[in-house]
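Everything below concerns the one structure shown next.
Quantities reported herein were computed from a predicted structural model and do not represent experimental measurements.
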Amino acid sequence: MHCQARPARRQLAKPFDNRLFFAGEATSATDFSTAYGAYQSGVRAAGQAIIALKPAHSKVYAEEARPFGTDDPDEQHKSGRY
């Protein structure tokens with residue numbers, strides 16, 4: 001992978017104004033150009049949207065949902081989800 005591709009993909013994956021969430025294989029830092037990367041980015045974006053929609057006082061829920069919304073391989077491994 002080109003050394004500048006990863007930061008560009010992370011930029012593509014960033015939510016806009018915490019109201020618009022992006023998914024798709026092009027937003028995956030590690031599994032771009034694959035169906036798995038598209039799926040993972042959808043899971044990440046869904047997790048981000050859930051956190052954004054949950055009331056701010058629900059700290060426990062936000063902490064539980066955080067691993068759900070990542071496509072970072074290190075975070076996936078730590079969470080035991082993948």
Side-chain angles (χ1 to χ4, degrees):
M1 175 181 1
H2 191 272
C3 63
Q4 293 178 351
R6 188 170 291 207
R9 292 182 190 286
R10 285 202 174 126
Q11 187 65 30
L12 282 173
K14 285 185 179 180
F16 177 75
D17 199 25
N18 215 24
R19 293 185 294 159
L20 185 60
F21 303 92
F22 299 96
E25 51 84 20
T27 66
S28 175
T30 57
D31 293 307
F32 49 90
S33 300
T34 66
Y36 183 71
Y39 169 77
Q40 286 295 98
S41 68
V43 170
R44 174 193 35 79
Q48 291 171 332
I50 289 168
I51 291 169
L53 292 171
K54 199 67 181 170
H57 65 274
S58 182
K59 181 181 177 188
V60 173
Y61 183 82
E63 288 174 358
E64 290 173 357
R66 192 171 68 194
F68 179 80
T70 183
D71 69 353
D72 181 358
D74 294 330
E75 289 298 317
Q76 291 172 2
H77 178 71
K78 289 179 204 172
S79 72
R81 291 186 55 85
Y82 304 101

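- Sorted by first then second residue, the salt bridge (Lys or Arg N to Asp or Glu O under 4.0 Å) pairs that include residues 19-30, not counting sequence neighbours, are D17-R19.
- Looking at every heavy atom in both residues, G24 comes nearest to S41 through N-OG, 2.6 Å.
- Listed by chain and number, the hydrophobic cluster partners of F16 are L20, F22, where partners are ILVMFWY side chains within reach of under 4.5 Å, directly or through others.
- Every side-chain contact (heavy atoms from CB on, under 4.5 Å) that A52 has, sequence neighbours left out, goes to N18, F21.
- The hydrophobic cluster of L12 has no other members, since no ILVMFWY side-chain heavy atom comes under 4.5 Å of it.
- Side-chain contact between R44 and T27 is present, with at least one heavy-atom pair separated by less than 4.5 Å.
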